[in-house]
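Nothing here was measured: the structure is a model prediction, and the numbers come from that model. In the text below, chain A, chain B and the rest are named by the order of the sequence lines, each starting its count at 1.
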Amino acid sequence: MSDPASASPRSAPPSAWLRSRWAGWFIAGVGVVALLLVPSTYDALYGFQAGFQLHRISLIGIYIIAALAQNVLTGYAAQPSLGNAAFFGVGAYLLAWTNTDLHQPYWLGIVIAMVVCALLGLIVGGPALRISGTYLAIATLGLVLVTQSLLDLWDKTNGRQSYDLTQLPLSLGDDHTLYVFIVVIVVAVLFFVRNILQSRVGRAWVAIRDNEAAAEAFGINLTTYKLLAFVISALLTGLAGALYATWATTASSSSSSADQTIAFLAMIVVGGLGSIVGSVIGAIFVGFLPLLLQQLPAIVSAGPIRIQVTTLQSGIFGLLLLLALIFFPEGLRGIVDRAGLLMRRLLNRHIATGASEGVER
Amino acid sequence: MTDALLTITDLTVRFGGLVAVDRFDLTVPSGQIVALVGPNGAGKTTVLNCISGFVTPTNGAIQFAGRDLLRLPRNQRARVGIGRTFQNLQLFASMTVLDNLLTAQHSALRATILGGLLPFGPARAEDARARAHALATLDLLGLAHYAHQVAGTLPFGAQKLVGVARALVVRPQLVLLDEPAAGVMHADVLDLAASLRRWRDEVGTTLLLVEHNMSLVQAVADSVTVLDYGRKLAEGLPQAVLSDPAVLEAYLGSDGAASDATVVAEEAPNVAN
Amino acid sequence: MVAFLQVALAGVVTGSIYGLLALGIVLIYRTTGVLNFAYGAIGAVCTGFMAILMMGPRLPFGLALLGALIFSALLGMGLERSFARPVLRAPVFTKAIATLALALILETVAQQIWPQLSQAVHFSSPFATASVRVGGVYIALIDVVILLVTAGVMVALQLFLTRTKLGIAMRATADNQDAARLMGAPVGNISLLTWGLSAVIAALAGILLASRTGLMNLSFLDPVLILAFIGAVLGGLESLPGALIGGIVIGLLDNLLALILAGHSLGPLDISDPGIRQALIFGGFVLVLLFRPQGLLGQATLRRV
Ligand SMILES: Nc1ncnc2c1ncn2[C@@H]1O[C@H](COP(=O)(O)OP(=O)(O)OP(=O)(O)O)[C@@H](O)[C@H]1O
Ligand SMILES: [Mg+2]
């Protein structure tokens, strides 16, 4: 657990402790304000294209929630489940269903998506108590395939080509509002998940990850806490799925594809298992880098050589992913950790010199 | 003689064809330090594992504070007042030492996931108290300087001592110690002996100590039980038991060349399995 | 009865292809600890190479096959040196995701070299149309070939692993890499051999499947791969015969359920849909794992404290 509060140096003087604690909240606050300023910056930067660009980056937020959910389950509670895309798809379809077919208010649809996915998480978690490791990973991957086929079947049975959300609140149709809406939700999710991870529950998950036997010897009920991790993870992934349907204004069974579910795992692996920062970096890397690569010029020509970049995109992405994994096998969060350490060292030196100057005067 | 806190009767454990513990009886009086010694493979760890629930005995009964322990799921045994260390560490390696001691207080804390949602409120207050308590415990055991280090990165001996701190932090009635001195430097073993005695005398903790280091056993034990091939070989006051020829032979083999039983203590720490 | 036999046979044949792929997956997983998501891409690239040999230089089937198998061995060993080595000591998830990256790279490179393979191309084989008759059951010649090749690969692998020095060293490495190294097994070369061998198996599976359907493209093994994974886990990830059996069971169940459910519906719900079939198979699969968490032939591992 490298999160600020648990690492707060208690043995250091209390002023230092206060400083590090408030510094964390301060940086977070600055970050949120910066995120909320993005729309006006984009307006200035992209003009009438700002909406399109904002819409694209809103997707990162959705992936951050999904990555966080996967990390709670796999990075903290050590359950190697590849089943999360099942909840992603179900969340999307539940929102479409309550919205388009049942004409229920949007927020109710979101709540239903979260609650139902939480229950499904409980059901999936049951067998996971007996099945472990690679067996669990592949079994849950199977769950995703089945979910995709069943969602397809539901579409087919109802004779629809696509499941569009027709009753979305008008305001969410505006890219600026949608962006702010997603930012607010992501910040709230980050806030709550961070708190949980630093509480008794989060410690119990890490204890299970580190050592199941010792966890039990100290009174941690493996069943309860593993199921809890499945429930929380499914709930958050359901939320992400519903948001994805909102973002795309349609629910599609490809949300429950094997590719999607492996992408969630890839996010936390490349970002860093058991790290909130890692989830965010991973979501950006896996969720957004491909979109960024789409913006490369379609054809690069150097003299007689003409390279069709469009067909190279997935390969370039694969290469970058591979390099990231080879150089940071524990995740790209390593970069942030190192930068943070450097910052703290500089800051300490600065404070130390400042303090000694104070004494001299 | 005070009341028995722990009573083991007729305990038998079979692993396939191997009889690891054979009709073993043991009484641990409240507020005392009982040492369980014996050569490698004698079944000492297995006895502890029966008490904390990692091994289900083939036969026998274990009473703890008037309770039938064997009917209690193993994750409930911390709640009723049993703590333990492990021969092979089993720390929460990625956590800091402080977080190890916080996690050890799991069953003493109440916070649920809803309480954990916010960075303030009763759950956080409870956590802050637990943190302070953990730091105080580390202080008492002279381990405070390790508090913010990641447990898995500490030297083996230090990790052993952290394991002891983790077991003691909630002040359980009974603490099972599995070779706490193995791999610990000699000076630290003396400190450990002092700490254990203090814990017994001031906190009133009852200790069941499995140990090869006879100087630690001599220094702290109120009584010693010797196990050999799963059977009880001798029992009594430390001085008497540890000079019993039968015990020496069990430890050192029939040639009995070395007469000092602490030779065994110099063995490399057994970190296998 | 004849229809049933016909369907069961078709199931065993499809299952054999899953089983072959599962064999290769287990081989790599056991010796190098890599859960290889790039396995389908490896098979597809090798099959594509063969298709190109037959389309471009118009090589006869046999020669192209030989070329493709040599190519696959080289590709497998090349990947071991360039790819598996650098990630060898990484955590298990990192290795798995690295193979995902590898799959993307492989497919892109292959697409650059053979752009025509991004669409489905015809894959001709001499067994395409012929069939043999056994009793009242017609068996396509290609199906006979698939069964024979699968059985041959399985037997050859078992003989190799139990009767040859190298094979025994390979099993020792799978059981305990460090111990095997201490005992003087050439661990590095064994990893090389494993990748080469499993790439050949992937190529065989791809070529057989393409010969059966007459079509292939660079991603034609992707949907099959996941079924192979499920087969491998069902069999028990540790055991080669288990992998083959697991794959065959999956193929067999799929075909039999298709026969049983064909034309039925529950109200508006068409239960002959592949989705229902998949759900049923999956349910059975999870049930098996609940009773045998280590798969059908896997061995339970115990952890002591
Ligand atoms: N879970 C188990 N399954 C099978 N055999 C076991 C198991 N646990 C212990 N044993 C065996 O039971 C016997 C007693 O082991 P135990 O660990 O209790 O000995 P010990 O007295 O603690 O020895 P040491 O001093 O070496 O720690 C040994 O032969 C050991 O191999
Ligand atoms: Mg022992």
Side-chain angles (χ1 to χ4, degrees), chain A residues 74-75 80 126-127 130-139 141-154 156-158 211-214 217 258-259 262-263 265-266 268-270 273 286 307-308 311-326 328-331, chain C residues 29 35 37 83 86-87 89-98 100-109 111-112 115 118 222-223 225-227 229-230 232-234 236-237 267-270 273-283 285-287 289-291 293-295 298 303-305:
Chain A
T74 308
R130 256 186 84 70
I131 305 169
S132 61
T134 311
Y135 293 85
L136 180 61
I138 301 299
L141 183 62
L143 172 74
V144 168
L145 292 186
V146 169
T147 307
Q148 183 173 23
S149 312
L150 293 183
L151 292 177
D152 269 337
L153 180 60
W154 192 20
K156 244 186 281 171
T157 311
N158 284 306
N211 196 316
E212 285 197 359
D259 288 350
I262 295 174
L265 182 67
I268 64 166
V269 168
V270 75
L273 289 169
V286 177
I307 301 173
Q308 182 88 28
T311 58
L312 283 177
Q313 277 162 13
S314 77
I316 296 175
F317 172 70
L319 194 63
L320 291 174
L321 180 61
L322 188 59
L323 290 176
L325 295 173
I326 289 176
F328 295 91
E330 310 284 341
Chain C
Y29 181 76
L35 197 59
F37 286 116
F83 165 82
V87 298
R89 295 274 163 199
V92 53
F93 286 129
T94 307
K95 285 195 272 200
I97 298 301
L100 182 73
L102 176 64
L104 294 175
I105 297 170
L106 270 182
E107 278 182 16
T108 306
V109 170
Q111 229 164 57
Q112 294 302 310
S118 43
D222 290 355
L225 182 69
I226 295 191
L227 292 172
F229 266 115
I230 292 181
V233 166
L234 181 66
L237 268 179
L269 189 68
D270 172 19
D273 187 88
I276 300 283
R277 223 153 68 211
Q278 252 185 29
L280 287 174
I281 294 177
F282 174 72
F285 168 64
V286 170
L287 222 63
L289 284 189
L290 282 181
F291 286 102
Q294 264 69 39
R303 242 185 65 87
R304 283 194 210 170
V305 290

Engineer: Does A:S149 reach the side chain of C:P274, with side-chain heavy atoms less than 4.5 Å apart?
Structural biologist: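 Sidechains of C:P274 and A:S149: no contact.
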Engineer: For A:V146, which atoms come within 4.5 Å of any heavy atom of chain C: side chain, backbone, both, or neither?
Structural biologist: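 For A:V146, the contact with chain C is made by backbone and side chain together.
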Engineer: As an exercise: rank C:V233, C:V92, C:L234, C:I276 by heavy-atom pairs under 4.5 Å with chain A and give me the winner.
Structural biologist: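 Going by pairs under 4.5 Å, I would pick C:V233.
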Engineer: For A:I268, is it the side chain, the backbone, both, or neither that has a heavy atom closer than 4.5 Å to a heavy atom of chain C?
Structural biologist: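 Neither part.
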Engineer: Given side chains that start at C-beta, do those of C:E107 and A:S314 come closer than 4.5 Å, heavy atoms only?
Structural biologist: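 No, every pair of side-chain atoms sits at 4.5 Å or beyond.
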Engineer: For chain C, which of A:T157, A:I262, A:V269 has the most heavy-atom pairs under 4.5 Å?
Structural biologist: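 Of A:T157, A:I262, A:V269, A:V269 has the most heavy-atom pairs under 4.5 Å with chain C.
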Engineer: Nearest heavy-atom pair of C:I230 and A:G142: which atoms, and what distance?
Structural biologist: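 Residues C:I230 and A:G142, closest heavy atoms: CD1-CA, 4.0 Å.
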Engineer: Roughly how far apart are C:L104 CG and A:L322 CG, rounded to 0.5 Å?
Structural biologist: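 Taking CG in C:L104 and CG in A:L322, the distance rounds to 10.0 Å.
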Engineer: Report which part of C:L100 has an atom under 4.5 Å of a heavy atom belonging to chain A: side chain, backbone, both, or neither.
Structural biologist: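 Just its side chain gets close to chain A.
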Engineer: Which bit of A:L143 comes within less than 4.5 Å of chain C, counting heavy atoms only: side chain, backbone, both or neither?
Structural biologist: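 Both parts, heavy atoms under 4.5 Å.
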Engineer: Closest approach of C:A101 and A:L321, non-hydrogen atoms and distance?
Structural biologist: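 Result for this residue pair: CB-CD2, 3.8 Å.
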Engineer: Who among C:G275, C:G283, C:A96 has the most heavy-atom pairs with chain A under 4.5 Å?
Structural biologist: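 The candidate making the most pairs under 4.5 Å is C:G275.
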Engineer: For A:T74, is it the side chain, the backbone, both or neither that has a heavy atom under 4.5 Å from a heavy atom of chain C?
Structural biologist: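 Answer is side chain: those atoms of A:T74 sit under 4.5 Å from chain C.
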Engineer: Would you compute the distance between atom CZ of C:R277 and atom CG of A:L153 and round it to the nearest 0.5 angstrom?
Structural biologist: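 Rounded to the nearest 0.5 Å, the CZ-CG separation comes to 12.0 Å.
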Engineer: With a 4.5 angstrom heavy-atom cut-off, which part of A:L141 approaches chain C: side chain, backbone, both or neither?
Structural biologist: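 Just the side chain, heavy atoms under 4.5 Å.
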Engineer: Mind listing the closest non-hydrogen atom pair of A:I326 and C:P86 along with its distance?
Structural biologist: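 The answer is CD1-CB, 4.0 Å.
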Engineer: Could you check whether any side-chain heavy atom of A:L325 comes within less than 4.5 Å of a side-chain heavy atom of C:V87, counting everything from C-beta outward?
Structural biologist: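 In short, these two side chains do not touch, never coming nearer than 4.5 Å.
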Engineer: Which region of A:Q148, side chain (C-beta onward) or backbone (N, CA, C, O), has a non-hydrogen atom less than 4.5 Å from a non-hydrogen atom of chain C, or is it both or neither?
Structural biologist: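 Contact with chain C is absent: no heavy atom of A:Q148 under 4.5 Å.
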Engineer: Apply ring-ring contact (aromatic ring centres under 6.0 Å, His included) to C:F285 and list each qualifying residue two or more places apart in sequence or on a separate chain.
Structural biologist: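 None.
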Engineer: Under 4.5 Å between any side-chain heavy atoms of A:T134 and C:Y29, yes or no?
Structural biologist: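 In short, these two side chains touch, coming nearer than 4.5 Å.
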Engineer: If you count heavy-atom pairs within less than 4.5 Å of chain A, which of C:I226, C:V286, C:L35 leads?
Structural biologist: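 If we count pairs closer than 4.5 Å to chain A, C:I226 comes out on top.
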Engineer: Side chains of A:P80 and C:F93: closer than 4.5 Å at any heavy-atom pair?
Structural biologist: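 SC-SC contact between A:P80 and C:F93 confirmed.
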Engineer: With sequence neighbours left out, what residues match A:S132 under side-chain hydrogen bond (donor to acceptor under 3.5 Å, both in side chains)?
Structural biologist: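 Scan of A:S132 (side-chain hydrogen bond (donor to acceptor under 3.5 Å, both in side chains), adjacent residues dropped) gives none.
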Engineer: Under a 4.5 Å heavy-atom cutoff, which of A:A324, A:G133, A:G318 has the most pairs with chain C?
Structural biologist: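 Option with the top pair count is A:G318.
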Engineer: C:I97 versus A:V270: any side-chain heavy-atom pair under 4.5 Å?
Structural biologist: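 No, their side chains stay 4.5 Å or more apart.
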Engineer: What pair of heavy atoms forms the shortest contact from A:P329 to C:T94, and how long is it?
Structural biologist: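 Answer, listing the atom of A:P329 first, then C:T94: O-OG1, 3.0 Å.
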Engineer: Among A:L151, A:L136, A:L150, which residue has the highest count of heavy-atom pairs closer than 4.5 Å to chain C?
Structural biologist: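 That would be A:L150.
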Engineer: For the residue pair C:Q294 and A:Y135, what are the closest heavy atoms and their distance?
Structural biologist: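 Of all heavy-atom pairs spanning C:Q294 and A:Y135, the closest is O-OH, 3.3 Å.
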Engineer: Please report the interatomic distance CD(C:Q278) to CG(A:L145), rounded to the nearest 0.5 Å.
Structural biologist: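 C:Q278 atom CD to A:L145 atom CG measures 5.5 Å (nearest 0.5 Å).
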Engineer: Rounded at 0.5 Å granularity, tell me how far CD1 in A:I316 sits from OG1 in C:T108.
Structural biologist: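 So the gap between those two atoms works out to 8.5 Å.
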